[in-house]
Every structure is written in structure tokens, then in C-alpha cells.
> 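The structure that follows is given in the form of C-alpha cells.
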Amino acid sequence: MTINPPLIGVTAANLPTPDWDGRLSLDRDGAGRLYAEAVARAGGLPVILPLTRPPLAPDEDETSAPGGCGPGALYANARIFLARLDGLLLSGGGDLAPPPGAAAAALCRGVDPARDVWEAALLAAALDADKPIVAICRGMQLMNVSLGGTLWTDLPSERPGEVAHEQKFARSRASHAVVIEPGSRLAAIFGQTEIMVNSGHHQGIKNTAAALTVAAHAPDGLIEALEHRAARFAVGVQWHPEGQAAAAPSRALFRAFVQAAAL
Ligand SMILES: [Mn+2]
């Protein structure tokens, strides 16, 4: 075990949890343990980032008007987190909030606009500080939308193809191939240009943000990985490497991430 492992922030979801009376309430933040385990196995120290309002300044009064939850305050708070963190893992989860008027909006699941804006602030702060980023599934979609790209709101109805992107079995098993772009960072990390991945996404990348470059496709042409053109280390994958922890490409990705965060 390293003495001073890099500190990796893992984004959380607001999870429905039974309260004392058995009613579901949304007052607990958490992330699937597989993300933290994958970071730890690669030599990083994972911490789960709650969806908090920014902390009060020492001279602020608890009773003063909150004002602190707009995008500017969230970004300021994210910068405070990123000053301590060595890397950011944008975890998977529910769909991103669809743009106004999206035809398939009713088909979205698990939308949490508060999570979207907080993660956008964390991403911006991580890019501004040039801290390494891995964005998984929903996280990759968030990175694309935050930087100006667009999504298919509902893949089955808007972009049907021969690949089933929502596999009906455990995520520890792979379900479709992805072809990695030669010369990409992921090609260097994996040491090969075709790997088998699991797939559990309902949305997908439509138009890629100008700051990002496509690093992998599924056999049906759908974008499966994105890399930031300018950042030191910012990669997104549409699959769930944390669910295939024993697979060599998954281990290589988390190791490369943690090693970059340690620099
Ligand atoms: Mn897929």
C-alpha cells in the first residue's frame, strides 16, 4: 500500500432510502461500491462526494439567506473540492435531464437535475485545475453535454441498431465489442484496438463536443469513448469498467487514471 495514495473523488447519486416509517426519502448520497473498489485496487484513495450546498464562510451566519446554490456558487465549491482532490471519477447513474422539448423526455429514467449541475461544476473545476478525470457511462454523457455536445435521449426509439446497449444480464459479463481508435489514449492504455465491454446505457452520444475526440465505437457505429483534446487526462467510456474489475482493460484504465492523479 502506498503511503500517500492519490485522493479520487467519486460522484454520488441521491438514493431513495426508507425513513423510520418505511417511506422512501431522498436524503442519502452514495455511489456503487464497485467504483470505490476499482479506484482502491488501482492504488487510489476513493472518497464519495456528496451533493452538498457550499459550506458557509467563517463570517456567514447560519441564518443568513442561502444564495449559495446557483451555478457560480457550485463552481466555487467544486474548486474547493478539486484543490484537495487529485482526480475526479464521474460515476454512472440515471439519465441526464433532457433538453427542453425533447421528444423522448418521458422515456428518461432517474433524472436528477441537481446532480447534473453539481457534476458539471465538478467537471469544470477538474478541467480548470487539469486534474485527471474518468467519466463512466452517465459521466461521459455529462462531460459531452457540459462541453456543448448532445445526446440521443432514448436510444431504442431514436437510434435503433443491431447492438443491445442495455444488456439483460450481470454487468460482470461483456456483451458487445468496441473498436478503439488507433493513436488514442485508450489504445495506448489497453494495448489493443478491440475489446469486449458490458453495456447498460439508455442514452448515447449524438453530437460530440468540440473539445472532445471520439476514441471508440460499437459495431453499430455508436460512440463508446471520448477523450478531451487538451486536458492532461480526461477520458469517458460508455461502458462500466468498474463492473468488469477482473478484465485486463478495466484494470489498465483505472491504473492509468490513478497513476496520472499521483503525478
Ligand atoms: Mn454500449
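Keep in mind it's a predicted model, so treat the numbers as computed, not measured. When a ligand or atom number is given, it counts from 1 through the structure's own listing order.
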> Give the atom name of whichever N/O/S atom in His201 sits closest to the Mn ion (ligand 1).
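Atom name of the closest N, O or S in His201: NE2.
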> For N/O/S atoms only: which one belongs to His176 and is nearest the Mn ion (ligand 1)?
NE2
> Does any N or O in the side chain of Ser199 come within less than 3.5 Å of the main-chain N or O of Trp239, such that one atom is a donor and the other an acceptor?
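Judged by distance alone, no pair lies under 3.5 Å.
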> Nearest to the Mn ion (ligand 1), which N, O or S atom of His165 do we find?
ND1
> Knowing that exactly one of Leu96, Asp95, Asp154 qualifies, which makes a side-chain contact (heavy atoms from CB on, under 4.5 Å) with Cys108?
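Looking at Leu96, Asp95, Asp154, the match for Cys108 under the side-chain contact (heavy atoms from CB on, under 4.5 Å) is Asp95.
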> Quick one: does His201's side chain get under 4.5 Å of Gln141's, heavy atoms only?
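Result yes, sub-4.5 Å side-chain heavy-atom pair found.
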> Verify whether one side chain among Asp220 and His176 offers a donor that lies under 3.5 Å from an acceptor in the other.
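Side chains of Asp220 and His176: no pair found under 3.5 Å.
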> Taking the N/O/S atoms of Glu224 one by one, which is nearest to the Mn ion (ligand 1)?
OE2
> So does Gln238 have any N/O/S atom less than 2.8 Å away from the Mn ion (ligand 1)?
no
> What verdict does the side chain to side chain contact (heavy atoms under 4.5 Å, CB included) test give for Asn144 and Leu212, after you've listed the backbone C-alpha separation in whole Å, the side-chain angles of each residue and the deciding distance to 0.1 Å?
CA-CA 8 Å; Asn144 186 51; Leu212 302 173; 3.8 Å; yes
